[in-house]
Amino acid sequence: MAKNITPRATNFPQWYQDVIAAGELADNSPVRGCMVIRPNGYGLWESMQEKLDRMFKETGHVNAYFPLLIPQSFITKEAEHVEGFAPELAVVTQAGGKELEEPLVIRPTSETIIGHMYAKWIQSYRDLPVLINQWCNVMRWEKRTRLFLRTSEFLWQEGHTAHETYEEAQEETLKMLGIYKEFLEDVCAIPVIPGAKPEHEKFPGAVTTYAIEAMMQDKKALQAATSHNLGQKFAKAFEIKYLGRDNQEELAWTTSWGCTTRMIGGLIMTHGDDDGIIVPPRLAPLQVVVIPIYKTEEEKLAVLDFADQVALRLRAKLSNLKVKVDYREDMRPADKFFTWIQRGIPLRVEIGPKDVQNKGGMLVRRDNRQKVFCALEGIEEKAAEILENIQADLFKKAGDFMRENIRPAETYQEFKDILAGPGGFILAHWDGTKQTAELIQSETKATIRVVPEDEKDKPGKCVRTGKPSSQRVLFAVAY
RNA sequence: CGGGGUGUGGCGCAGUCUGGCUAGCGCACCUGCUUUGGGAGCAGGGAGUCGGAGGUUCGAAUCCUCUCACCCCGACCA
């Protein structure tokens, strides 16, 4: 057992922090609420970026960059937007030793400045759609922060698109939600539930907000990504107008969508075990680590030579960077095992004198510790197969866990019993009012996460008020 | 912002109530030897002025005042 990680059952939040420290994923910075993302953590982010970026580009999006600082007046142009973000803005009031004429806001998100630029760039329906994404940092001065899950500054991508019609914008909004779902499930092996957010949980300035929700091992919900149909609200505020096919001036329809470094927190809390993080193979920057084991100088020569042969084969199959041989001489094998375990590397190959003799290596899975001996010949195929199995098993395990912990509640007593007992997600009817949602939240801490697509047209009676309800919604205690 | 808590080598803590001698302990770190297939052992060594400022006192980690920071629980949020 890990000696530097509190078991999940003992204290889940402490476990989470310990896993981050043990895996050297991130550290607190001297600046309140900000984190330093260490190479092991940043590697995960780079990998997420790489996969997502590809998916964005394959769907026609391009990258650009907009500035960090936004004129304060921009934020105030859209009424809901300013109301939503004002409390958490960091503002620059001085620069170059002088008080600024107009304070500059450090972007909490970039709808406003991008809207401003789009207004300039878009003149005609021929300029549409505009499909731009940017990878950047944003700042929201949160009261309470937790590494990866909620930090004052975080990294993310924000896509901003402008379209000719509502339908196109809506299609884009749902397409991107689908891409997030695909990414989370296929790459991160994190099962998610997509759906629309209720009115009162929308992004400030959105017509409709969609999100995907994941279940952590403590059965709390984590919003993993969001996609907003902004209607014409920002177009109106920033005068993004175009001359239509009918020679009439019209407002564009815009969307925005984003996901953040929070996903790393989700990854930890979905797959991690008491020994630390487990990185799904498709996401892992490093998939296989080869550990040579020897005592004598003679053994060392033979073992290292053989380990290199193994690595050569693995690299040919998995690519150079996905395989590492741990040559360090000042560390004993057991110590190496643990450090790689705590970094969540999916597969370990142990090469000792016995293995050299038997012309093979011992493959050890990170997720379930299964060990299997494999001959040098074909070891790369076997490794690739195991990696895919790990990927599938992680997803299945997380999916089973989530499904087992989604329960319907007909009565409020049932609702409360579930939260007090097993916990998890609850499907229940809701009368659609903010008042009722807030009542339920204050009484149980549970919030409406999303309205799942296949639950939105199910009439019934509100679990709290008994009033008519047109939909079942997903409730959970959330991060 | 409300409630609670904590600040002592890199990390975790003891010492504070009841002021006193060179401020201890575990882990980590460095050196050497032995070890090496699931977190090693022995020996030696380096490193702190006790969050900060002020005060009381012959004498302060310890008492008093102010202040800062961090953590946990709420409210706010990706």
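Chain identifiers are assigned alphabetically (A, B, ...) following the order of the sequence lines, protein sequences preceding nucleic acid strands; residue numbering begins at 1 within each chain.
Separating the C1' atom of U62(B) from that of A14(B) is a span of 13 Å, rounded to the nearest Å. Separation of the P atoms belonging to C13(B) and G7(B) is 8 Å when rounded to the nearest angstrom. One P atom belongs to C72(B), the other to C27(B), and the distance between them is 27 Å to the nearest Å. Going from the C1' atom of G20(B) to that of G3(B) covers 39 Å, rounded to whole Å. Rounded to a whole angstrom, the distance from the C1' atom of C30(B) to that of G9(B) is 15 Å. Going from the P atom of C33(B) to that of G39(B) covers 24 Å, rounded to whole Å. As rounded to the nearest Å, U65(B) and C25(B) have C1' atoms that lie 33 Å from one another. Taking atom C1' on both C70(B) and G52(B), the two are 14 Å apart, rounded to the nearest angstrom.
For Arg348(A) against G38(B), a side-chain N or O and a base N or O form a donor-acceptor pair under 3.5 Å. Residue Glu350(A) places no side-chain atom within donor-acceptor reach of the base of G38(B), judged by atom type and a 3.5 Å distance cut-off alone. Between the side chain of Asp335(A) and the base of G38(B), no donor-acceptor pair under 3.5 Å is found.
At the heavy-atom level, Thr260(A) lies under 4.0 Å from base atoms of the strands shown. Ile291(A) comes within 4.0 angstrom of nothing in the nucleic acid, heavy atoms only. Using a 4.0 Å heavy-atom distance criterion, Thr151(A) is classed as a base contact. Pro353(A) comes within contact range of at least one nucleobase, with a heavy-atom separation under 4.0 Å. Residue contacts for Leu222(A): at a heavy-atom cut-off of 4.0 Å it reaches no nucleic acid atom on any strand shown.
Aromatic ring centres of Phe475(A) and Phe415(A): separated by under 6.0 Å. The six-membered or imidazole ring of His81(A) lies near that of Phe234(A), with a centre-to-centre distance under 6.0 Å.
For G46(B), there is no paired base (Watson-Crick or G-U wobble, both distances below 3.5 Å). In this structure G7(B) sits in a base pair with C68(B), meeting the Watson-Crick or G-U test at under 3.5 Å. With a cut-off of 3.5 Å on both pairing distances, G38(B) has no Watson-Crick or G-U wobble partner at all. Partner assigned to U56(B) is none, using Watson-Crick or G-U wobble distances below 3.5 angstrom. With a cut-off of 3.5 Å on both pairing distances, U18(B) has no Watson-Crick or G-U wobble partner at all. The partner of C25(B) is G12(B), judged by Watson-Crick or G-U wobble contacts that both fall below 3.5 Å.
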Apply ring-ring contact (aromatic ring centres under 6.0 Å, His included) to Tyr210(A) and His228(A), showing your working.
-> CA-CA 6 Å; Tyr210(A) 297 88; His228(A) 318 288; 9.1 Å; no
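Protein atom CD1 of Ile341(A) is 10 Å distant from nucleotide atom C1' of G39(B), rounded to whole Å. Counting to the nearest Å, the P atom of G38(B) and the NZ atom of Lys371(A) are 7 Å from each other. Rounded to an integer number of Å, the gap from Gln14(A) CD to U6(B) C1' is 14 Å. Here the C1' atom of nucleotide G38(B) and the CG atom of Asp275(A) are 10 Å apart, to the nearest Å. Going from atom CG of Asn358(A) over to atom C1' of G37(B) covers 13 Å, rounded to whole Å. In this structure, the CZ atom of Arg343(A) is 13 Å from the C1' atom of G39(B), given to the nearest Å. Summarising the geometry, the separation between OH on Tyr479(A) and C1' on C73(B) is reported as 14 Å, rounded to the nearest angstrom. For the pair Tyr16(A) OH and C71(B) P, the computed distance is 14 Å after rounding to whole Å.
Side-chain atoms of Ile190(A) and His271(A), non-hydrogen and from C-beta on, do get closer than 4.5 Å to each other. Side-chain contact check for Ile351(A) versus Val310(A): some heavy-atom pair is nearer than 4.5 Å. Inter-residue side-chain proximity for Ile345(A) and Val279(A) is flagged as unmet; no heavy-atom pair is nearer than 4.5 Å. Between Leu89(A) and Ile106(A), the closest side-chain pair of non-hydrogen atoms is not below 4.5 Å. Proximity of His160(A) to Ser110(A): side-chain heavy atoms (C-beta onward) are separated by under 4.5 Å at one or more points.
Each of Gly33(A) and Phe148(A) was assigned the nucleotide of RNA chain B with the nearest heavy atom; the assignment lying further toward the 5' end belongs to Gly33(A). With the nearest nucleotide of RNA chain B identified for both Phe337(A) and Ala225(A), Phe337(A) has the one nearer the 5' end.
Among the nucleotides G38(B), G39(B), U36(B), the one closest to the side chain of Asn4(A) is G39(B). Here G37(B) is the nucleotide among G37(B), G38(B), C76(B) with the atom lying nearest to any side-chain atom of Asp355(A). Checking U36(B), G38(B), G37(B) against every side-chain atom of Met362(A), the shortest atom distance belongs to G37(B). In this structure, of G38(B), C71(B), G39(B), it is C71(B) that holds the atom nearest to the side chain of Gln17(A). The side chain of Glu142(A) sits closest to C76(B) out of G39(B), C76(B), G37(B).
Of the possible donor and acceptor atoms, none in the side chain of Trp45(A) sits under 3.5 Å from a partner among the backbone N and O of Leu155(A). Formation of a donor-acceptor pair under 3.5 Å by the Thr173(A) side chain with backbone atoms of Ala169(A) is found in this model.
Non-hydrogen atoms lying under 4.0 Å from RNA chain B are contributed by Gln441(A), Lys445(A), all within residues 438-446 of chain A.
In this pair, Phe154(A) and Trp156(A) present their aromatic rings perpendicular. The plane angle is above 60°, beyond the 30 to 60° band.
Judged by centroid separation below 5.5 Å and plane tilt below 30°, Phe338(A) stacks onto the base of G39(B).
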